[in-house]
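Every heavy atom of this structure was used, including side-chain atoms; hydrogens, water molecules and symmetry mates were not. Just so it is clear, the model here is predicted, and its values are computed rather than measured. The chains referred to below are lettered A, B, ... by the order of the sequence lines, with proteins before strands, and numbering in each begins at 1.
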Amino acid sequence: MNGIIKYLNHEVKKHTFDYLLLVTAGIFFLVSINIFKGERFLEFIFLLAFAGFYIIWGIYHHIIDDSLHLKTVIEYILIAFTIIFLLKIIIFP
Amino acid sequence: MKKLLGFIHHLFIPHENNNFRAKSLHPDFLMMYLVFALVLTVFSKTSGVDILGFATDVTAEKLYQLTNQEREKNSLPPLALNDCLSQAAQKKAEDMFEKNYWAHISSTGKTPWDFMNEKECKYEYAGENLAKNFMFSDGVVTAWMNSDSHKENIINKNYTQVGYAIVNGVLNGEETTLVVQMFNKPINPTVADVRSLIKPNSVEAKEMVQADKKLVVAQKTNKSKTNFSSFPININIIFMIFLLAALALDFYFAAKFNIIRFGGKNLAHFIFVTFIFIGLVYVFINGSII
């Protein structure tokens with residue numbers, strides 16, 4: 001368990017700004033869909049915006065980290081799009 | 001059993017045979033999830049409500065039960081379910097789809113009281129609560145109880161009857177489920193007779209509704225059936241729990257064994273999926289009220 005905390009500490013300390021940015025975007029996403037709840041189209045737009053931000057964040061983060069690779073970008077894109085398509089079924093049944 | 005455990009180990013624990021990353025997080029598996037999500041999306045569109053169901057489980061029975069529970073908590077007598085009010089509520093919901101609005105008062109100036117009058121639901125006091133795009137009845141009543149103006153209608157001692165309509169249709173180009181709740185206190189028959197002599201076709205009432213004239217553009221009315229299936233919600237929740245578990249386990253063992261590798265950051269994926277999960281559970285299942 002100590003190893004994980006150490007790893008987490010190291011990762012977050014090393015990229016504090018990046019993770020803060022991602023968490024802030026997440027909070028914005030939740031607040032936005034909470035304000036416009038029931039407005040399905042807007043909810044979907046906010047979901048698209050957050051997923052898009054997440055992909056861009058991933059690319060930016062790995063450039064800074066000097067670990068950018070096509071496979072890494074694809075990983076972010078695949079996760080984001082899977083979530084978008086799955087939630088689309090709920091938002092627009 | 002040993003084979004199954006081996007497969008689970010391969011799926012979730014990073015080791016040399018899966019290139020030190022949980023197999024469930026490999027690009028080929030991620031691609032499989034995407035294909036699965038795409039198939040589900042296409043399937044839900046082409047099959048329509050009959051297979052996946054309309055994504056709402058709001059029922060008049062449950063709303064009625066929950067409304068009376070709230071009244072009971074406030075030491076008020078239960079409301080009687082009134083057919084006339086339910087018919088007026090149904091008319092109101094259909095009118096909202098037909099005339100393209102989401103408000104207590106229509107674009108042509110028609111009020112909830114006009115719908116009650118049309119159905120000849122004579123009343124002394126009357127009120128209306130509206131909700132749209134909720135997935136569960138509990139969510140509707142909770143949202144109403146969290147709003148002072150709607151709560152005022154639910155726990156109003158002047159009301160003795162209630163009616164409900166839950167109608168599916170297309171509003172503003174979106175599949176929408178509208179919930180209309182109408183309250184009243186029927187007019188004393190003697191007073192009704194007197195009033196009909198003085199003012200025919202007009203009922204004077206103390207209107208308790210909080211009318212918010214937020215108008216939106218809608219297209220047309222179509223469906224009126226509610227065929228709920230929890231399948232889309234369940235599949236989303238199961239998938240996200242699976243993904244979060246895979247990310248957490250992979251992260252845990254990679255940190256434990258001090259594995260250094262190239263690839264996406266599990267912590268970032270975890271944060272992203274967690275926010276989406278919270279959004280799914282707390283927000284997407286809730287609709288709006290006026």
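- Counting heavy atoms of neighbouring residues, nucleotides and ligands inside a 6.0 Å radius, atom CG of B:Asp148 does not exceed 12 of them.
- Sparse packing is recorded around CZ of A:Phe41, with 12 or fewer heavy atoms of other residues, nucleotides or ligands lying under 6.0 Å away.
- B:Leu34 is listed as a side-chain neighbour of A:Phe85, based on a closest heavy-atom distance under 4.5 Å.
- For chain B, the nearby part of A:Tyr19 is the side chain; its heavy atoms alone come within less than 4.5 Å.
- For B:Phe29, the CZ atom sits in a packed shell: over 12 heavy atoms of surrounding residues, nucleotides or ligands are nearer than 6.0 Å.
- Contacts between B:Ile271 and chain A at a heavy-atom distance below 4.5 Å involve the side chain alone, from C-beta outward.
- Considering CG of A:Asp65 and NZ of B:Lys265, their distance stands at 3.5 Å, rounded to 0.5 Å.
- Considering CD1 of B:Ile238 and CG of A:Leu86, their distance stands at 11.0 Å, rounded to 0.5 Å.
- Neither the backbone nor the side chain of A:His69 comes within contact range of chain B; no heavy atoms are under 4.5 Å apart.
- Checked against a 6.0 Å centroid threshold, the rings of B:Phe272 and A:Phe50 count as neighbours.
- Atoms CG and NE2, on A:Leu78 and B:His26 in that order, are 13.5 Å from each other to the nearest 0.5 Å.
- A distance of 8.5 Å separates CG in B:Leu267 from NE2 in A:His61, rounded to the nearest 0.5 Å.
- Dense packing is recorded around CZ of B:Phe277, with more than 12 heavy atoms of other residues, nucleotides or ligands lying under 6.0 Å away.
- A heavy-atom distance below 4.5 Å is not found between the side chains of A:Ile74 and B:Leu30.
- One distance of note links CG of B:Leu243 with CD1 of A:Ile79; it measures 5.5 Å at 0.5 Å rounding.
- Among B:Pro27, B:Gly279, B:Ala255, B:Ala268, the residue making the largest number of heavy-atom pairs under 4.5 Å with chain A is B:Ala268.
- The closest side-chain heavy-atom distance from B:Leu25 to A:Glu75 is not below 4.5 Å.
- Chain B forms the most heavy-atom pairs under 4.5 Å with one residue out of A:Ile77, A:Ile27, A:Asn34, A:Thr72, and that residue is A:Thr72.
- If you take CG on B:Asn236 and NZ on A:Lys88, they are separated by 12.0 Å, rounding to the nearest 0.5 Å.
- Heavy-atom neighbours of B:Met32 CE from other residues, nucleotides or ligands within 6.0 Å: above the threshold of 12.
- Listed options A:Leu47, A:Val73, A:Ile33 were ranked by heavy-atom pairs under 4.5 angstrom with chain B; first place goes to A:Ile33.
- Considering only heavy atoms from C-beta on, A:Glu11 stays 4.5 Å or farther from B:Phe251 through its side chain.
- In this structure, the portions of A:Ala51 lying under 4.5 Å from any heavy atom of chain B include both its backbone and its side chain.
- Within the 4.5 Å cutoff, the side chain of A:Leu87 has heavy atoms near those of the B:Met240 side chain.
- For A:Tyr76 and B:His269, the side-chain atoms include no donor-acceptor pair closer than 3.5 Å.
- In summary, the aromatic rings of B:Phe275 and A:Phe29 are positioned with their centroids too far apart to meet the 6.0 Å limit.
- Only the side chain of B:Phe239 comes within less than 4.5 Å of a heavy atom in chain A; its backbone stays farther off.
- With a threshold of 4.5 angstrom between heavy atoms, A:Asp18 does not approach chain B through any atom at all.
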